[in-house]
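A, B, ... follow the sequence lines: proteins, then strands. Residue 1 opens every chain. Being a predicted model, the structure only gives us computed values, none of them experimental.
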Amino acid sequence: MLDINLIRKDPDLVRTALLNRGYDPAPLDEILALDVQRRSIIARNDELRALRNEVSKQIGRMKDVAEREAKIAEMRRVGDEIDLLDAELRKIEAQLHELIASLPNLPDPRTPIGPDESHNVVVREERGWLPAPTFDVKPHWEIGEQLGIIDFERGVKLSGTRFYVLNGWGARLQRGLIAWMLDLRREQGYVERYLPFMVRSDVVFGAGQLPKFRDNLYHDAEEDFWFVPTAEVPLTGLHSAEILDGNALPLLYAAYTPCFRREKMSAGKDVRGLKRGHQFDKVEMYAITKPEESDHYLEKMLHDAEETLRRLGLTYRVKLLCTADLGFAARITYDIEVWSPGVREWLEVSSVSNTGDFQARRANIKFRRERGAKAEFVHTLNGSGLALPRTMIAILENYQQPDGSIVVPEVLRPYVGTDLIRGA
RNA sequence: GGAAAGGUGGCCGAGUGGUCUAAGGCGGCGGUCUUGAAAACCGCUGUAGGGCUCCGCCCUACCGUGAGUUCGAAUCUCACCCUUUCCGCCA
């Protein structure tokens with residue numbers, strides 16, 4: 001949520017930001033007009049309330065019945081006017097809130113300006129220590145079925161397209177990855193959280209997925225629960241409406257959750273394999289920091305996510321997203337993409353973002369530097385560490401042997417319980 | 001799912017229609033006293049919005065949430081949410 005004071009003070013800054021993102025800046029003028037209306041109504045309304053409060057106190061003390069009745073009649077009219085103004089104000093504030101809530105975050109100055117994803121900037125490319133394959137690597141859906149560790153058909157039987165079943169060592173590999181990633185995060189200073197996978201509407205709003213992106217979410221109508229599309233949602237809600245102790249910051253969290261996404265926007269795209277399912281697992285990193293420290297922790301989280309791929313020996317590259325590709329709540333985002341020789345593409349396994357105070361405003365998360373100091377909004381950051389299915393793809397393809405077996409990465413062996421996967 | 005009790009400031013807790021400008025206590029901050037500390041005493045204490053002559057002052061709103069009654073609501077009415085306990089069900 002953008003600060004109305006900023007919009008009021010520097011509308012051109014916001015206008016430019018919206019244009020850079022490819023958003024229509026028209027709501028801005030509407031917002032400015034409503035803001036003026038709103039304040040004039042409040043001024044008049046507060047005046048009337050002050051009058052009514054004062055006179056009502058006098059009425060309580062009045063002895064003269066005629067005078068008393070006259071004042072009561074007068075205040076009844078004042079009350080009627082207040083009711084009218086209240087109704088008008090509620091309408092305007094609802095419109096204003098809806099319009100402001102639909103505006104995305106302002107991009108950081110370092111975010112490249114560009115009209116589409118081709119303007120994302122590759123910051124660096126890191127070659128893993130794993131030797132490049134000398135044979136024709138099969139895509140994971142082929143090798144997965146061949147080994148019997150991925151069952152696409154039965155996934156479809158159970159739940160339809162974009163679902164699959166992991167069998168035996170396949171399931172075990174993913175579970176091992178999750179446990180290993182969580183242990184790595186702890187080593188890096190993150191405290192593990194186990195969270196609800198279903199949350200209330202206001203929690204989803206706080207993270208920025210509602211109201212704009214409801215089409216991509218699963219919703220239980222009976223209980224009004226939303227299935228989390230990422231752990232970022234409950235992690236943002238965790239400290240909503242709290243004023244944190246500045247000395248306790250930063251708060252660094254890691255959480256494993258499944259993620260549920262309808263993927264309506266991309267029907268027909270990436271339907272094959274593990275790449276884009278309706279349900280996938282992820283280990284997430286999250287940080288709540290003081291404003292002046294958030295950029296430092298953005299770099300830390302990026303480094304920590306990269307460390308995951310480094311330890312697996314995989315080749316990856318880091319991209320700085322341009323304005324067109326930037327998520328709604330983010331002001332700056334790094335994507336990490338791992339190379340996978342079977343599908344022959346760079347797979348996005350992590351996205352690390354600084355949202356500044358955007359989510360903090362929506363979720364109302366504040367801190368106090370010291371006792372008695374004014375409460376300020378925190379900054380929040382999120383980063384995948386990492387998305388499991390695509391990490392699985394990278395392992396099944398990068399660690400594939402000519403005979404069709406999969407070598408288990410050394411760091412994972414204690415977690416998976418085998419050195420080599422030859423079948424389910 | 002059923003029944004009962006409850007929800008008031010950072011915390012505890014009083015308050016059942018009119019200086020509530022929410023008592024009192026605890027905690028915290030500042031001060032007096034002290035060689036220092038403790039004790040005692042004095043003062044201060046939240047969030048949001050708006051206005052101004054803007055280091056400050058003034059106004060408005062906020063007692064779980066939302067509607068309603070009233071000149072006036074923490075207090076009365078209705079609905080909802082949440083918490084606790086008991087019963088039922090259950091891994």
Side-chain angles (χ1 to χ4, degrees), chain A residues 1-9 31-101 194-206 210 219-226 234 237-249 251 258 357-378:
Chain A
M1 188 88 101
L2 297 183
D3 183 0
I4 179 65
N5 293 304
L6 176 70
I7 299 174
R8 194 185 295 151
K9 211 175 74 199
I31 287 169
L32 291 168
L34 286 169
D35 180 51
V36 171
Q37 279 185 50
R38 171 175 176 271
R39 282 185 294 158
S40 103
I41 290 174
I42 284 174
R44 176 76 184 135
N45 204 6
D46 281 2
E47 217 171 89
L48 291 173
R49 282 173 188 272
L51 175 70
R52 184 175 69 179
N53 287 346
E54 181 53 35
V55 175
S56 288
K57 273 180 208 165
Q58 289 171 15
I59 289 172
R61 288 185 241 113
M62 278 180 183
K63 300 282 188 293
D64 186 313
V65 176
E67 193 187 354
R68 188 186 158 99
E69 287 308 315
K71 284 293 182 192
I72 287 177
E74 189 186 332
M75 285 311 105
R76 191 173 295 139
R77 283 195 301 274
V78 169
D80 289 345
E81 194 178 342
I82 289 173
D83 286 345
L84 285 175
L85 289 172
D86 271 344
E88 184 69 12
L89 189 60
R90 265 201 299 274
K91 216 175 77 192
I92 287 176
E93 291 195 324
Q95 283 174 31
L96 205 49
H97 181 263
E98 195 187 321
L99 286 169
I100 295 174
Y194 174 82
L195 304 156
F197 302 158
M198 300 183 292
V199 296
R200 301 172 197 283
S201 299
D202 57 297
V203 176
V204 188
F205 176 85
L210 276 180
H219 180 235
D220 167 45
E222 296 216 316
E223 304 289 342
D224 195 24
F225 278 133
W226 298 83
L238 202 56
H239 292 291
S240 67
E242 290 184 26
I243 299 176
L244 303 166
D245 175 4
N247 296 315
L249 300 181
L251 297 175
D357 63 7
F358 189 82
Q359 289 177 328
R361 284 179 185 281
R362 291 176 86 99
N364 192 17
I365 312 169
K366 296 185 170 181
F367 78 104
R368 239 189 271 280
R369 292 181 190 274
E370 60 208 44
R371 206 163 262 287
K374 199 172 157 45
E376 302 169 55
F377 286 111
V378 297

(Q) I'd like to know if the side chain of A/Arg8 and the backbone of A/Val36 have a donor-acceptor N/O pair within less than 3.5 Å. (A) no

(Q) I'd like to know if the side chain of A/Arg38 and the backbone of A/Glu93 have a donor-acceptor N/O pair within less than 3.5 Å. (A)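 No; judged by distance alone, with no hydrogens or angles, the pair does not exist.
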
Looking at [N], which nucleotide sits across from it as a Watson-Crick or G-U wobble partner, both distances under 3.5 angstrom, or is there none?
{"N": "B/rC57", "answer": "B/rG51"}
{"N": "B/rU34", "answer": "none"}
{"N": "B/rA79", "answer": "B/rU65"}
{"N": "B/rG17", "answer": "none"}
{"N": "B/rA23", "answer": "none"}
{"N": "B/rC44", "answer": "B/rG28"}

[X] side chain, from C-beta outward: closest of [options]:
{"X": "A/Ser56", "options": "B/rC82, B/rU60, B/rG72", "answer": "B/rG72"}
{"X": "A/Arg368", "options": "B/rC82, B/rG50, B/rU47", "answer": "B/rU47"}
{"X": "A/Asn53", "options": "B/rU60, B/rG72, B/rA67", "answer": "B/rU60"}
{"X": "A/Asp46", "options": "B/rC71, B/rG49, B/rU47", "answer": "B/rG49"}

Q: Return the minimal non-hydrogen interatomic distance between A/Pro196 and A/Pro234, and the atom names on each side.
A: O-CG, 4.0 Å

Q: Compare every heavy atom of A/Ile92 with every heavy atom of A/Leu34, then report the nearest pair and how far apart it is.
A: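 Scanning both residues, the minimum pair turns out to be O-CG2, 3.8 Å.
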
Q) Can you tell me how far the CG atom of A/Leu2 sits from the CG atom of A/Leu99, to the nearest 0.5 Å? A)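 Nearest 0.5 Å value for the CG-CG distance: 12.0 Å.
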
Q: Any chance you could measure A/Arg44, atom CZ, to A/Glu81, atom CD, to the nearest 0.5 Å?
A: 4.5 Å

Inter-nucleotide [atom1] distance ([N], [M]), Å rounded:
{"N": "B/rA74", "M": "B/rA23", "atom1": "C1'", "answer": "13 Å"}
{"N": "B/rC80", "M": "B/rG25", "atom1": "P", "answer": "40 Å"}
{"N": "B/rG10", "M": "B/rG27", "atom1": "C1'", "answer": "8 Å"}
{"N": "B/rG88", "M": "B/rU77", "atom1": "C1'", "answer": "33 Å"}
{"N": "B/rG17", "M": "B/rC71", "atom1": "C1'", "answer": "12 Å"}
{"N": "B/rC29", "M": "B/rU34", "atom1": "P", "answer": "22 Å"}
{"N": "B/rC20", "M": "B/rC33", "atom1": "P", "answer": "35 Å"}
{"N": "B/rU83", "M": "B/rG31", "atom1": "C1'", "answer": "42 Å"}

Q: Determine: side-chain N/O of A/Arg49 to OP1/OP2 of B/rG72, distance under 4.0 Å, yes or no.
A: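 No, no such contact exists.
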
Q: Report yes if at least one side-chain N or O of A/Arg52 is closer than 4.0 Å to OP1 or OP2 of B/rA61; otherwise report no.
A: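 Answer no for this pair, as no side-chain N or O of A/Arg52 is under 4.0 Å from OP1 or OP2.
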
Looking at every strand, decide which applies to [X] at a 4.0 Å heavy-atom threshold: base, sugar-phosphate, or nothing.
{"X": "A/Arg361", "value": "nothing"}
{"X": "A/Arg68", "value": "base"}
{"X": "A/Arg77", "value": "nothing"}
{"X": "A/Ile59", "value": "base"}

(Q) What is the distance, to the nearest angstrom, from the CG atom on A/Asn364 to the P atom on B/rG49? (A)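 Spelled out: CG on A/Asn364 to P on B/rG49 is 10 Å.
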
